[in-house]
Amino acid sequence: MTKKLKFASRAIHAGQEPDSKYGAISTPVFQTSTYVQKSPGEFYEKYDYSRAANPTRNALEKNLASLECGSHGLSFSSGVSAIAAVLHLLSTGDHVVLCDDVYGGTYRLFEKFFKKLGIEYDIVDMTNLETVEAAFKKSTKLIWLETPTNPLLRILDIKRLAELGKQHGALVAVDNTFATPYLQNPLLLGADIVCHSTTKYIGGHCDLIGGALIINDADLAEKLHFVLFSVGAVPGIWECYLTLRSTKTLHVRMDRHCKNACRIAEFLEGHPQVEKVIYPGLKSHPQHLLASEQMKDFGGMLSVYVKGGLEKAKAVLERTVLFALAESLGGVESLIEHPAIMTHASIPLELREELGISDNLLRLSVGIEDCGDLMADLDQALH
Ligand SMILES: *Cc1c(COP(=O)(O)O)cnc(C)c1O
């Protein structure tokens with residue numbers, strides 16, 4: 001029934017039928033490791049051990065699957081453990097096409113862990129489809145992308161890239177953390193796997209670490225669940241409960257994140273201390289049109305090149321009051337950070353320079369505070 005409902009209704013109801021025993025409207029927290037059996041192998045429900053499955057976790061998984069328009073959801077202890085689970089599907093000799101300006105932790109998994117197991121990868125600029133096409137090999141089994149990218153907020157054409165992946169027999173995985181399922185649904189555009197760091201917008205309150213995969217294929221879901229169960233990258237039950245509580249307001253929060261970010265992007269674009277603003281909602285963004293087609297709105301992230309070098313950038317970061325200087329993103333509270341020193345320090349310097357992650361680049365996660373207060377805060381910090 002919930003499939004036909006609109007996003008806001010699914011956010012609140014999918015996977016969350018009232019509890020059958022007491023009628024509790026809020027999904028109970030089943031804080032249990034094991035389940036009593038009636039006789040050996042005969043269960044009350046399907047549950048035997050919480051590393052394999054747990055009712056609270058399952059409610060969250062159903063909810064996330066519904067929001068991403070997938071058939072199966074899997075919850076992980078973090079975004080990176082969800083990413084690692086996908087990489088565990090690969091074998092020695094397999095090749096991956098990876099987008100440049102990818103999340104630093106994703107790059108680290110490829111470079112420091114899976115490379116030594118003989119999984120090769122090539123990093124390509126996926127805004128250029130010909131470059132992507134040229135990167136495929138016979139051994140390519142996976143194409144991994146993020147859009148909008150981090151921190152440069154470039155927009156990749158999910159539909160076209162998924163077609164390319166399919167043509168070459170590769171799985172197509174999209175990290176949808178920045179956009180959230182409210183703004184775009186990669187599975188509907190042809191992707192096989194959607195990945196989330198639920199730590200960010202889905203959790204939405206900077207108070208938990210979590211990850212998820214959403215899939216539209218039972219076999220693939222089964223394989224990924226086998227990884228989840230075997231490596232034990234499962235979330236705690238309170239994290240599941242908190243995440244489920246957060247998805248109920250995802251659409252409301254996202255609307256405000258987008259509205260505030262758009263106004264701030266326009267404000268900063270006209271600011272004398274700013275060299276350049278990157279926000280997909282601005283007409284000056286090179287892929288503004290693609291973003292308008294692919295996304296419902298333009299998101300809450302924006303990046304800014306301030307005038308002056310590292311010292312100026314640092315001064316701004318030290319002076320903001322409402323914008324807290326911190327890594328991470330997607331919470332109700334506004335954050336600001338320095339990608340080159342903080343979130344993207346694990347990317348080699350040459351690649352960072354090539355991409356444009358320079359010393360005067362700042363990344364903002366615009367929260368849902370009063371927009372006038374946020375603009376005043378940035379204004380005083382820039383002067
Ligand atoms: C934060 C993040 C991750 C990693 O998630 P964790 O929950 O920190 O493990 C992956 N991808 C993107 C785009 C992220 O922003």
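Heavy atoms only: backbone and side chains are in, while hydrogens, waters and symmetry mates are out.
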(request) Give the ring-plane orientation class for Phe110 versus Tyr121, where under 30° counts as parallel, over 60° as perpendicular and anything between as tilted. (result) tilted
(request) Kindly state whether the ring of His271 and the ring of His383 have centres lying under 6.0 angstrom apart. (result) yes
(message) Is there a continuous path of hydrophobic side-chain contacts, each under 4.5 Å between heavy atoms, that joins Ile12 to Tyr241?
(response) no
(message) I want to check something: taking the side chain as every heavy atom from C-beta on, are Glu146 and Leu156 in contact at a cut-off of under 4.5 Å?
(response) no
(message) For Leu67, is there any backbone N or O sitting under 3.5 Å from a side-chain donor or acceptor partner on Asn185?
(response) yes
(request) First locate atom CD1 of Ile83, then atom OH of Tyr107, and finally report the distance between them rounded to the nearest 0.5 Å. (result) 15.0 Å
(request) Return yes if a side-chain donor-acceptor contact under 3.5 Å exists between Ser358 and Glu353, otherwise no. (result) no
(request) Compute the centroid of each ring, for His288 and then for Phe298, and state whether the two points are separated by less than 6.0 Å. (result) yes
(request) Starting at CE of Met301, measure out to NZ of Lys200 and round the result to the nearest 0.5 Å. (result) 8.5 Å
(message) Looking at Gln37, is its backbone amide N or carbonyl O close enough to the side chain of Glu42 to form a donor-acceptor pair, meaning the two atoms are under 3.5 Å apart?
(response) no
(message) Using 0.5 Å steps for rounding, measure from the CG atom of Leu361 to the NZ atom of Lys276.
(response) 9.5 Å
(message) Tell me which one of His251, Arg253, Met295, His257 satisfies side-chain contact (heavy atoms from CB on, under 4.5 Å) with Tyr182.
(response) His251
(request) Ignoring hydrogens and angles, tell me if any N or O in the side chain of Arg10 forms a donor-acceptor pair with the backbone of Leu5 under 3.5 Å. (result) yes
(request) For the pair His285 (side chain) and Leu153 (backbone), establish whether a donor and an acceptor sit closer than 3.5 Å, ignoring hydrogens and angles. (result) yes
(request) Determine yes or no for a side-chain-to-main-chain donor-acceptor pair under 3.5 angstrom, with Thr27 supplying the side chain and Thr56 the backbone. (result) no
(request) Check for a donor-acceptor pair, side chain of Asn260 on one end and backbone N or O of Glu369 on the other, with a separation under 3.5 Å. (result) yes
(message) List the residues meeting side-chain hydrogen bond (donor to acceptor under 3.5 Å, both in side chains) with Gln380, not counting sequence neighbours, and say none if there are none.
(response) Asp377
(message) Are the side chains of Val174 and Cys195 in contact, using a 4.5 Å heavy-atom criterion?
(response) no
(message) One pair to check against side-chain contact (heavy atoms from CB on, under 4.5 Å): Leu145 and Leu161. What are the steps and the verdict?
(response) CA-CA 9 Å; Leu145 55 128; Leu161 289 163; 4.1 Å; yes
(request) Would you check if Val172 and Glu163 make a side-chain contact, meaning some heavy-atom pair closer than 4.5 Å? (result) no
(message) Who clusters with Phe43? Use side-chain heavy atoms, under 4.5 angstrom, across I, L, V, M, F, W and Y, and order the result by chain and number.
(response) none
(message) Between Ile341 and Leu310, is the side-chain contact (heavy atoms from CB on, under 4.5 Å) condition met? List the steps.
(response) CA-CA 10 Å; Ile341 299 177; Leu310 181 60; 3.9 Å; yes
(request) Can you measure from CZ (Phe178) to CD1 (Ile155) and round to the nearest 0.5 angstrom? (result) 10.5 Å
(request) Test Glu120 against every option in Lys138, Lys137, Lys115, Lys141 by the salt bridge (Lys or Arg N to Asp or Glu O under 4.0 Å) rule and name the one that passes. (result) Lys137
(message) Quick one: does any side-chain atom of Ser78 pair with a main-chain N or O of Ser81 as donor and acceptor, under 3.5 Å?
(response) yes
(request) Taking atom types as modelled, find out whether Lys248 and Gln16 have a side-chain donor-acceptor pair closer than 3.5 angstrom. (result) yes
(message) Please determine whether a side-chain nitrogen of the Lys or Arg among Arg363 and Glu337 lies less than 4.0 Å from a carboxylate oxygen of the Asp or Glu.
(response) yes
(request) Please lay out, stage by stage, how His205 and Ser246 fare under the test side-chain contact (heavy atoms from CB on, under 4.5 Å). (result) CA-CA 8 Å; His205 298 74; Ser246 295; 3.6 Å; yes
(message) If you define the side chain from C-beta out and look only at heavy atoms, does anything of Lys307 sit under 4.5 Å from Leu382?
(response) no
(request) Starting at CG of Leu364, measure out to CG of Leu374 and round the result to the nearest 0.5 Å. (result) 9.5 Å
(request) Identify whether Val29 and Ile209 are in the same connected component of the hydrophobic contact network (ILVMFWY, side-chain heavy atoms under 4.5 Å). (result) no
(request) Measure from the side-chain N and O atoms of Asn54 to the backbone N and O of Phe30, and report whether any donor-acceptor pair falls under 3.5 Å. (result) yes
(request) Please test Arg57 against Glu61 for salt bridge (charged side-chain N to carboxylate O under 4.0 Å, His left out), starting from the C-alpha separation and ending with a verdict. (result) CA-CA 6 Å; Arg57 195 169 99 215; Glu61 292 174 336; 3.6 Å; yes
(message) Is the shortest side-chain heavy-atom distance between Leu302 and Ile278 below 4.5 Å?
(response) no
(request) To the nearest 0.5 angstrom, please state how far the CD atom of Glu68 sits from the CG atom of Asn176. (result) 4.5 Å
(request) Go through Asn58 and Tyr47 one step at a time and tell me if the side-chain contact (heavy atoms from CB on, under 4.5 Å) criterion holds. (result) CA-CA 11 Å; Asn58 281 7; Tyr47 300 102; 2.9 Å; yes
(message) Students often mix this up, so state it plainly: with edges at 30° and 60°, are the rings of Phe229 and Phe226 parallel, tilted or perpendicular?
(response) tilted
(message) Hydrophobic cluster membership, with links at side-chain heavy-atom distances under 4.5 Å among I/L/V/M/F/W/Y: are Leu142 and Val231 in one?
(response) yes
(message) With a 4.5 Å cut-off on side-chain heavy atoms, are Thr247 and Thr198 touching?
(response) no
(request) Flag this pair as yes if the NZ/CZ of Lys166 is under 6.0 angstrom from the six-membered ring centre of Phe136 and inside a 45 degree cone about the axis; otherwise no. (result) no
(request) Salt-bridge test for Arg154 and Asp100: reply yes if a basic N is under 4.0 Å from a carboxylate O, no otherwise. (result) yes
(request) Could you check His95 against Thr140 for side chain to side chain donor-acceptor pair (under 3.5 Å), going step by step and ending with a plain yes or no? (result) CA-CA 4 Å; His95 174 255; Thr140 306; 2.8 Å; yes
(request) Establish whether Val80 and Leu208 are linked, either directly or via other cluster members, by ILVMFWY side-chain heavy-atom contacts under 4.5 Å. (result) no
(request) Kindly work out whether a path of hydrophobic side-chain contacts (I/L/V/M/F/W/Y, heavy atoms less than 4.5 Å apart) joins Leu362 to Leu322. (result) yes
(request) Using a 4.5 Å cut-off on heavy atoms from C-beta on, say whether the side chain of Ile202 contacts that of Thr243. (result) yes
(message) Counting C-beta onward and ignoring hydrogens, is there a side-chain heavy-atom pair between Leu189 and Gln294 closer than 4.5 Å?
(response) yes
